[in-house]
Each structure stands twice: as C-alpha cells, then as structure tokens.
Protein chains: 2
Amino acid sequence: MQQVDIPRTQTRDIVDALKARIFSGELRPGTRLIETELARDFDVGRGPVREAFRVLVGEGHLQSHAHRGVLVRRYTREELLEMGCAREVLESLAARLAAEKTLTEEERSALRASQDRMNVAEAEQDLDTYSRENRNYHTLIETIADNAHVADLIERVRVPYLGLRLPQLFAVDQLRQSNEGHRLVTYAILAGAADVAEAAMRSHIRAGNAHTAQLPDELF
Amino acid sequence: MQQVDIPRTQTRDIVDALKARIFSGELRPGTRLIETELARDFDVGRGPVREAFRVLVGEGHLQSHAHRGVLVRRYTREELLEMGCAREVLESLAARLAAEKTLTEEERSALRASQDRMNVAEAEQDLDTYSRENRNYHTLIETIADNAHVADLIERVRVPYLGLRLPQLFAVDQLRQSNEGHRLVTYAILAGAADVAEAAMRSHIRAGNAHTAQLPDELF
DNA sequence: GCAGATATTATTGTTGACAATAAAGTAGTT
DNA sequence: AACTACTTTATTGTCAACAATAATATCTGC
C-alpha cells in the first residue's frame, strides 16, 4: 500500500511543503508567491521553485499569469459549484465501483472502522474530527474502488482551503444528515448494492453542494 | 469565445509544440525526451524545456522518473479502461448539462452543423474525417455544457495518441453505430431532454470502451 | 568466460548572473 | 488636481556553467 523509492529532489520537497502550507491554511487563497523569497526560505536556487510552481499550477493549487507570478488559487462560488457537479458523478462512480467489487476482509473492516469513527465524532459533536474522518472516509472508498484515474480526478475537484473553516460553518443537524448519508453508502457497499451505493453517494454529495451554495459571500 | 491576451513565453511555445507532436503521433508513447536535444531543436536553454516537461507531466502527457528524464506517456489497456470509466460519467454529465440549458440559436446551429458533418463523413465512410469531427463534436458539447471544470477533467481522460491509428481499426458498422449514438445525443440536447441525453451519451461512450477493451495487445 | 568492482559517459539537477517585462513612482504640463 | 510621458524598481524569464546521479563500458581476479 506504499511505493518505496521516491528519490527526493528539491523541487519535490518544495512542492510538498507548499502543498502542506496551502492545505493547512497557512497560505491563504490569493496570496502571491515570490520566487526569490521562497528560494531564500528554502535555501535553494530559483529554478526548483519555478518548477514546483509549474507542478502546483498543474495540480490546480496555484494560478499563474505570465510575467506576473503565481498566487494561491482562489475559487469563486460558481467554480465551487461547477466542481461539486463533477464531484457528484465521480464520487458516486467510486461508490459504485467499490460496491461492485468483492471486498477483502481488510477492506470490509477498514470501512466499518471508518464509519465507526465518524459515528463517534457525530455523537460527540466533534466537528473537527468529523471533518477529518469524513475526508479519510471518501479517500478510503476511492482506494477500495481501485481506479487510480477516478481517484486522481476526484482529488482535482476537492477544495483544500476551506478545510479549516468549513467545520465552523457546519451546523449539528447538517452533521447528522451528512453521517446519515455515509451510513447508507457504507451499508450499500458492504452489501454489494451498487445502485444504492451510487445513488446514496450522489445525494450525499449533492447535499454538500447545496450547503456550499449557501455559504456567505465573505468566504470568497 | 476566445481569450485575448496570452503572452507568449518560451515555455508555453514548447508546451504547445510538444503537445502537437504527441497528438499528431510524431512522438510515440514511450519515446524518451532529452532536455539537451529539445533545447537545441527549439534553440533555447534547458530551463524552459524542463518547465515545459513539468507542465506536460501535470497534464498527463508525459511521465517522469527522477534523475531519469521523461517519456511520452504509455497507457496500458487497464488504464484506458479505467479512464473510459471516468469518461463515461463525465461526458454524460456534460450532455446532461448541455440539455438542461436553454440553448442560444448559435449553439443549436453549431450542434446541427457538427452532426451534419459527421453524417457526411459516415455516408462517405471517411474514417479520418469522422474521427476528427467526432472529437470536435464532443468538445462542442463540453462548450455548450458551460462547465469549465468538467471540460477540464474530460480532457484528462481523453487518449491522444491512438487518435491516428484508431480510425484504421474502426470497422464501418462501428462507425454507423457510433454516429447513431451521436444523433441520439444531438436530438436529446436540442429537445432539452436531459435524461435521454445523459443516458444516450453514457451508452455511446460505453460502446467505445467496449471497443477499446478488444484492441489487440500490440497497441500497448 | 564471468561476476564483481571501478572508471567513463550521458543526462538530469542546481545555481547565480543577466535580460525582459510589468508595476510603481516621479516629474512635467495643462 | 488630473493627465500623460518618462524613470525607477521589483520580479519574472532565460541562459550557460557546474554538480550530482544513473546507466554504460571497462577492467580485474578467478
């Protein structure tokens, strides 16, 4: 479940470091990144920094304007909804694929364990944990679905930066409703009911999108 | 319908040139690309070439191994099927979105014109033209669907390199069947029948995937 | 002749200096 | 004060030389 040989290179290090900073919220959307500064910070030349930028632009985490540098990607509400639309079909595809497969015993228990953790977080109304476990849950389903390309595409329509602030906007009844959706998906996959899994996941994601649509303007 | 200001930069030029060579089949999958050679060919330094590589790796056209350079991406049959799976849901989503929209008169006639061109190619059994028009057709639907993210994702699960050889493998009755699918999609979109458009596109793509599954081994 | 160690070579990884560009600032005119 | 033309500055784009790595060829001892 782990690739062994990833020769470290400066570009790779910078890519990972920047990605971590973006995901953690340390680098806010719209922040401009200056090659020289980062080169100094990381104590490397500008070449590797530039290449890291190109990688991150490719992954959609940065946006670049020629001769004007790069900045941490901003999402408009419209973009988020466009992405949600794609996520809906992709994640429900993943759920279907997972349900269609004959699961190994490890996969079954991993799925149950993940669901349990979310249940606990729900019961304790621990929004932070729930948010983290939610992400793990979806990743787990992608892993089980065993389709690297689909997983890759889903990764592209996930929004990283709201991660830290979204929990605070998550009301408790939304949490219950969200986990209700998860349980449906979980049991459908365990039961091998592909159609149910797909449909359940679709409406689960759709509910999330409806939530995004109502986010206050100041978040964009 | 056209963005105006794209400041040309060497990296951009190289990216475009390489992409063209890959799509045209001039650069075959598995071909190793050497920075120095390309730098000489394009008469530039190695920096821009390296950055272009990173962009193309990000777009999935090249694959890179640290310290061992990049090569034109190879697809295994399994990968192609994985991608087809994702394409299925994404393209049918695009068809649905297109059908749900109230089309402008331009969009309606563009769609009819595209369908007409494919009909002609079908009648004349011009596989080459049909293949090209087929691609344009799908792109047109994405444009009409008006969801940049979905279009972007579809671009990622399209296989460029078989473009030139696939026509030769395309039997005439497959061509007829393929265009039959297009007609269904076209009329469904024009009629605003979202469900039909989605379902028709889905089975259209699925038929294509079934075809890929049966490609001879020597193509991989 | 062959396995292993050692040198050679081709190629990528990295850097610091220079050129080109766009933005910010300044002066001069009305 | 507002407008333009020019100058300055910050930053990106580019290059050519050097360092590090992996693949290849050569040598050595058996």
Side-chain angles (χ1 to χ4, degrees), chain A residues 2-22 26-74, chain B residues 2-22 26-74:
Chain A
Q2 188 73 10
Q3 50 235 14
V4 276
D5 65 327
I6 312 170
R8 298 312 297 178
T9 176
Q10 291 186 162
T11 304
R12 266 248 70 77
D13 289 341
I14 297 167
V15 166
D16 292 345
L18 286 180
K19 226 189 288 195
R21 288 193 197 171
I22 292 170
E26 183 189 336
L27 263 85
R28 298 277 294 280
T31 310
R32 189 176 165 196
L33 299 180
I34 282 137
E35 295 176 2
T36 324
E37 278 182 23
L38 289 171
R40 188 162 34 72
D41 287 3
F42 288 110
D43 196 41
V44 297
R46 270 176 55 219
V49 175
R50 283 177 65 86
E51 289 187 21
F53 282 180
R54 290 257 133 82
V55 171
L56 291 167
V57 168
E59 289 182 9
H61 298 302
L62 300 180
Q63 43 193 180
S64 85
H65 301 278
H67 292 284
R68 260 176 291 176
V70 302
L71 47 150
V72 180
R73 174 150 177 198
R74 279 198 136 106
Chain B
Q2 187 74 9
Q3 49 236 16
V4 276
D5 65 326
I6 312 170
R8 298 313 296 177
T9 176
Q10 289 185 163
T11 304
R12 267 247 71 77
D13 289 341
I14 297 167
V15 166
D16 293 345
L18 286 180
K19 225 189 287 194
R21 287 193 199 172
I22 292 170
E26 185 189 334
L27 279 153
R28 298 276 293 279
T31 311
R32 189 175 166 197
L33 298 180
I34 282 137
E35 296 176 3
T36 324
E37 279 181 22
L38 288 170
R40 190 162 33 72
D41 287 3
F42 287 110
D43 195 41
V44 298
R46 269 175 55 219
V49 174
R50 284 177 64 86
E51 289 188 22
F53 282 179
R54 289 256 135 83
V55 172
L56 290 167
V57 168
E59 291 183 8
H61 299 302
L62 300 180
Q63 43 193 178
S64 85
H65 302 280
H67 292 283
R68 259 175 291 175
V70 303
L71 47 150
V72 179
R73 175 151 175 197
R74 280 197 134 106

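We name chains A, B, ... by the order of the sequence lines, and we start the count at 1 in each one.
When rounded to the nearest whole Å, the span between CZ of B:Arg12 and C1' of D:dT12 equals 16 Å. Distance A:His65 NE2 to D:dG13 P: 12 Å, rounded to the nearest Å. Here C:dT12 presents its C1' atom at 10 Å from CZ of B:Arg54, a figure rounded to the nearest Å. What separates CD of B:Gln10 from P of C:dT21 is a distance of 11 Å, to the nearest Å. One can place CD of A:Glu37 at 7 Å from P of D:dT11, the figure rounded to the nearest angstrom. Spacing between atom CZ of B:Phe42 and atom P of D:dT14 amounts to 13 Å, rounded to whole angstrom units. Atom CZ of A:Arg40 is separated from atom P of C:dG16 by 14 Å (rounded to the nearest Å). Separating the CZ atom of A:Phe53 from the P atom of D:dT12 is a distance of 7 Å, rounded to the nearest angstrom.
Heavy-atom distances to DNA chain C give each of A:Gly47 and B:Glu35 a nearest nucleotide, and the one nearer the 5′ end belongs to B:Glu35. Of the two residues near DNA chain C, A:Glu51 and B:Arg32, the one whose nearest nucleotide lies more 5' is B:Arg32.
For C:dG13, the base has a donor-acceptor partner in the side chain of B:Arg46 [N/O atoms by modelled type, under 3.5 angstrom].
Contact record, A:Ser64 with A:Val70: CB-CG1, 3.4 Å, taken as the closest heavy-atom pair.
With sequence neighbours excluded, the residues that form a salt bridge (charged side-chain N to carboxylate O under 4.0 Å, His left out) with B:Glu59 are B:Lys19.
Between A:Ser64 and D:dT12 there is no side-chain polar atom (N or O) within less than 4.0 angstrom of OP1 or OP2. For C:dT12, neither phosphate oxygen OP1 nor OP2 lies less than 4.0 angstrom from any side-chain nitrogen or oxygen of A:Thr11. Note on B:Thr9: a side-chain N or O is less than 4.0 Å away from OP1 or OP2 of D:dT14.
Under the side chain to side chain contact (heavy atoms under 4.5 Å, CB included) rule, A:Leu62 has a single partner from A:Leu71, A:Leu33, A:Thr31, which is A:Leu33.
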Donor-acceptor pairs are to be reported for all side-chain atoms of residues 40-49 of chain B against protein atoms at under 3.5 Å, with residues two or more places apart or in another chain.
| from | atom 1 | to | atom 2 | distance (Å) |
| --- | --- | --- | --- | --- |
| B:Arg46 | NE | B:Glu35 | OE1 | 2.9 |
| B:Arg46 | NH2 | B:Glu35 | OE1 | 2.9 |

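With hydrogens and angles ignored, the 3.5 Å screen pairs a side-chain donor or acceptor of A:Arg73 with a backbone N or O of A:Gly60.
In this structure, B:Arg8 pairs ionically with B:Asp16, as a charged nitrogen and a carboxylate oxygen lie closer than 4.0 Å.
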Where do N or O atoms of nucleotides 21-23 of chain D meet protein N or O atoms at under 3.5 Å, pair by pair?
| from | atom 1 | to | atom 2 | distance (Å) |
| --- | --- | --- | --- | --- |
| D:dA23 | OP1 | B:Arg68 | NE | 3.4 |
| D:dA23 | OP1 | B:Arg68 | NH1 | 3.4 |

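Distance check: A:His61 NE2 to A:Leu27 CG gives 12.5 Å after rounding to the nearest 0.5 Å.
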